[in-house]
Amino acid sequence: MGERALKLMMDVLSQPAVLIAAISLIGLLLQKKPANEIVKGTTKSFLGFIVISAGAGILVGSLEPFGKMFQAAFHVNGVVPNNEAIVAMALNEYGTATALIMFFGMLSNILIARFTRLKYIFLTGHHTLYMACLIAVILAVAGLKGPFLIGVGAVSLGLTMSLFPAMVQPFMKKITGNDKVAFGHFSSIGYAVSGLIGKAAGKGSRSTEKIRFPNGLGFLRDSSVSIALTMTILYVLIALFAGAGYVERELSGGTHYLVFSVIQAVTFAAGVFIILSGVRLVLAEIVPAFKGISDKLVPDSKPALDCPIIFPYAPNAVLIGFFCSFIGGITGMLILGAAGAVIVLPGVVPHFFTGASAGVFGNAAGGIRGAVLGSFVNGLIITFFPVFLLPVMGDLGFANTTFSDTDFAATGIVLGHAVKLLGSGGVVIGIAAVVVGAVLFGFKRGKAEKPDQKVEA
C-alpha cells in the first residue's frame with residue numbers, strides 16, 4: 001500500500017466528522033430513505049461534528065494560556081501527559097503499522113459487535129488512532145512483524161473499542177434516559193470509578209442541575225453565564241499569581257493582563273456553548289440514521305460517541321467536574337513531589353474533557369456529591385496512571401512523554417507487562433481466548449433468548 005494511500009486512509013478514519021457522516025450515509029441508505037433525506041441527514045451529521053470540533057478548538061485555545069500561567073505562577077516543572085505529542089513521535093517509525101491496525105481494528109470492532117453481546121461501534125476516530133498507535137508500538141517492540149503484528153493489533157484494538165464503552169453503559173443509561181447512545185472516549189475507567197463513587201457516596205444528594213440560586217442570582221441558571229463568570233474569576237486569580245509582566249510579555253502580546261484574562265475566560269465559555277450546539281445537531285441526526293445499521297448489519301448496536309455528547313445533559317456538572325478534577329490533579333502532583341516520584345503536571349485540556357465527563361457520570365449516579373468526589377478521584381487517576389505507564393513507554397524510547405487518558409495508560413501497562421512476562425505468543429493466546437469467550441457468550445445469549453421470544457409470540 002502506497003504512502004499516499006496510507007495517509008488518505010489515516011486522515012479519513014481519524015476524523016470523527018467524516019466517520020459520522022459515513023455512518024449516517026450508510027444508515028440512511030440501508031433504510032432506503034429518499035434522496036433529499038439522505039443528503040440532509042449526512043450533511044447535518046457532518047456539519048454537527050465540524051461545529052463540535054470548532055468549539056473544542058476555541059476551548060483548547062483558551063485553555064493553553066491558562067496552563068502556561070499556572071506553571072509560571074507556581075514554578076513547577078514535570079511531565080505533562082499529551083496524546084498528540086507521543087503519537088506524533090511514534091508515527092514517524094510505526095505509521096504503517098498504526099494505519100493498518102486502525103483500519104482492521106475498526107472492522108474487528110464491527111465483527112465483535114455483530115457476534116457478541118458487546119454491541120458498541122466506536123466512532124471517536126482520533127482516539128482510535130491514538131490507541132492503534134500505542135498497540136502498534138508495544139507489539140512491534142515485542143517482536144511481532146508483518147500480518148501477525150497487524151492481526152493481533154487489530155483484534156486488540158477491536159476489543160478495547162468494545163469493552164470500554166460496555167464498562168460505562170449502565171451509567172450512560174442514567175445520563176441520557178435511554179439505551180440508544182454509548183460513550184466512546186478512552187478514559188472510561190475514570191468515568192466508571194466516578195459513577196461508582198457517586199453511587200456509593202451520593203445517596204440523597206440532589207442533582208447539580210437542581211442547584212438553587214437566590215432570586216437576585218437567577219441569571220446563574222443560564223449555564224453559559226455561570227461558566228463565563230466562574231472562569232473569569234479563575235483566570236484572573238491565576239493571572240494575578242503569574243504576574244502582569246509574564247502574561248503581557250509571553251502570552252497577551254502587550255494587552256493588559258486582566259483584559260486578556262477576561263477575554264480568554266469568556267472565549268472558553270463560547271467554546272462550550274458551540275460544543276453544546278453541535279452535540280444537539282449531531283444527536284438529532286445520528287441516532288435515527290444509525291437505526292439502519294442497527295437493524296440491517298449489526299442488530300441492537302449503539303454508536304459510541306465522544307465525551308462532549310453528554311455535556312448538554314448536565315452543564316453544571318461539566319464545570320464542577322473540571323474544577324474538581326483539576327484540584328485532584330494538583331493534589332496528585334503534590335503527592336508525587338513529596339514521594340520523590342516523577343511529577344505529572346495537571347494538563348488543563350485533559351482535566352477539562354475527562355473531568356467534565358466524570359462530573360456528569362458522578363452526578364448521574366450521586367448528584368452533587370457524586371460529581372465532586374467522582375471527578376476529584378478522576379483527577380488523581382489521570383495523574384497517577386501515567387507514572388506507571390512511563391517505564392513501559394521509556395523502554396520503548398519515549399521517556400518524558402506519555403498518554404493522558406486512563407484507558408490508554410491501562411491498556412499500555414497491561415499489554416506492555418504481558419508481553420514482557422508471557423512473550424508475544426502468550427499475548428496472542430490470551431487475546432484469542434478473550435475473543436473466543438466473548439463470541440461463545442454472545443451465541444449462548446442468542447440461543448437463550450430464542451425460546452423466550454417464541455413464548456411471547
Side-chain angles (χ1 to χ4, degrees), residues 56 81 83 118 120 122-124 126-128 130-131 160-179 181-202 205 207-209 275 279 302-329 332 346-347 349-386 403-411 413:
N83 295 330
L118 301 171
Y120 309 100
F122 197 96
L123 296 179
T124 307
H126 62 292
H127 263 220
T128 305
Y130 299 161
M131 186 65 82
T160 64
M161 296 167 73
S162 304
L163 290 169
F164 285 120
M167 180 185 296
V168 296
Q169 189 60 18
F171 298 108
M172 275 296 287
K173 293 179 186 177
K174 289 187 176 183
I175 293 169
T176 63
N178 58 60
D179 198 24
V181 177
F183 201 69
H185 190 262
F186 283 132
S187 205
S188 301
I189 293 173
Y191 307 144
V193 169
S194 181
L196 291 172
I197 289 173
K199 190 174 180 181
S205 180
S207 169
T208 57
E209 309 315 298
I275 287 173
V279 167
K302 304 170 186 65
L305 304 173
D306 202 354
C307 54
I309 214 73
I310 62 171
F311 290 177
Y313 292 97
N316 290 342
V318 167
L319 192 59
I320 291 171
F322 167 44
F323 284 147
C324 294
S325 180
F326 193 72
I327 293 170
V349 173
H351 276 288
F352 174 75
F353 285 105
T354 71
S357 300
V360 176
F361 275 85
N363 175 65
I368 298 173
R369 201 177 302 128
V372 170
L373 295 176
S375 55
F376 177 81
V377 173
N378 173 80
L380 291 174
I381 292 174
I382 66 172
T383 302
F384 292 134
F385 267 38
F403 288 87
S404 62
D405 299 81
T406 57
D407 299 350
F408 294 123
T411 302
I413 292 166

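Between atom OG1 of residue Thr354 and atom CD1 of residue Ile381 there is a gap of 9.5 Å, rounded to the nearest 0.5 Å. To the nearest 0.5 Å, the span separating CD1 on Ile189 from CD1 on Ile382 amounts to 12.5 Å. Rounding to the nearest 0.5 angstrom, the gap separating the CD1 atom in Ile175 from the CD1 atom in Ile309 is 12.0 Å. Note that CD of Gln169 is 6.0 Å distant from NZ of Lys302, once rounded to the nearest 0.5 Å. For the atom pair OG of Ser207 and OH of Tyr313, the computed distance is 14.0 Å after rounding to the nearest 0.5 Å. Taking CE from Met172 and CE from Met167, the interatomic distance works out to 15.0 Å, rounded to the nearest 0.5 Å.
For the pair Val360/Val318, a side-chain contact is recorded, criterion being any heavy-atom separation below 4.5 Å from C-beta on.
No donor-acceptor pair under 3.5 Å is formed between the side chain of Ser194 and the backbone N or O of Gly190.
Residues Ala371 and Thr208 share a closest heavy-atom pair of CB-CG2, 3.9 Å. The two atoms that bring Ser162 and Tyr120 nearest to each other are O-CD1, 3.7 Å, heavy atoms only. Of all the heavy atoms in Pro315 and Glu209, the pair that sits closest is CD-OE1, 3.2 Å. Nearest heavy atoms, Phe385 versus Thr406: CD2-O, 3.8 Å. Here the shortest heavy-atom pairing between Ala317 and Gly359 reads CB-O, 3.6 Å. Ile368 and Ser205 get closest at one heavy-atom pair: N-OG, 3.1 Å.
Less than 6.0 angstrom separates the ring centroid of Phe122 from the ring centroid of Phe186.
In this structure, Phe326 and His351 have perpendicular ring planes: the angle between them is above 60°, well past the 30° mark. Taking the six-membered ring for Trp and thresholds of 30 and 60 degrees, Phe322 and Phe352 have ring planes more than 60 degrees apart, a perpendicular arrangement. Classification of the His127-Tyr130 ring pair by plane angle, with boundaries at 30° and 60°, yields tilted.
When Ile310, Thr176, Leu305 are each tested for a side chain to side chain contact (heavy atoms under 4.5 Å, CB included) with Phe183, only one passes: Ile310. Of the listed residues (Phe361, Phe353, Phe171), just one forms a ring-ring contact (aromatic ring centres under 6.0 Å, His included) with Tyr191, and that residue is Phe361.
Asn378 and Ser325 share a donor-acceptor pair across their side chains, judged by distance under 3.5 Å alone.
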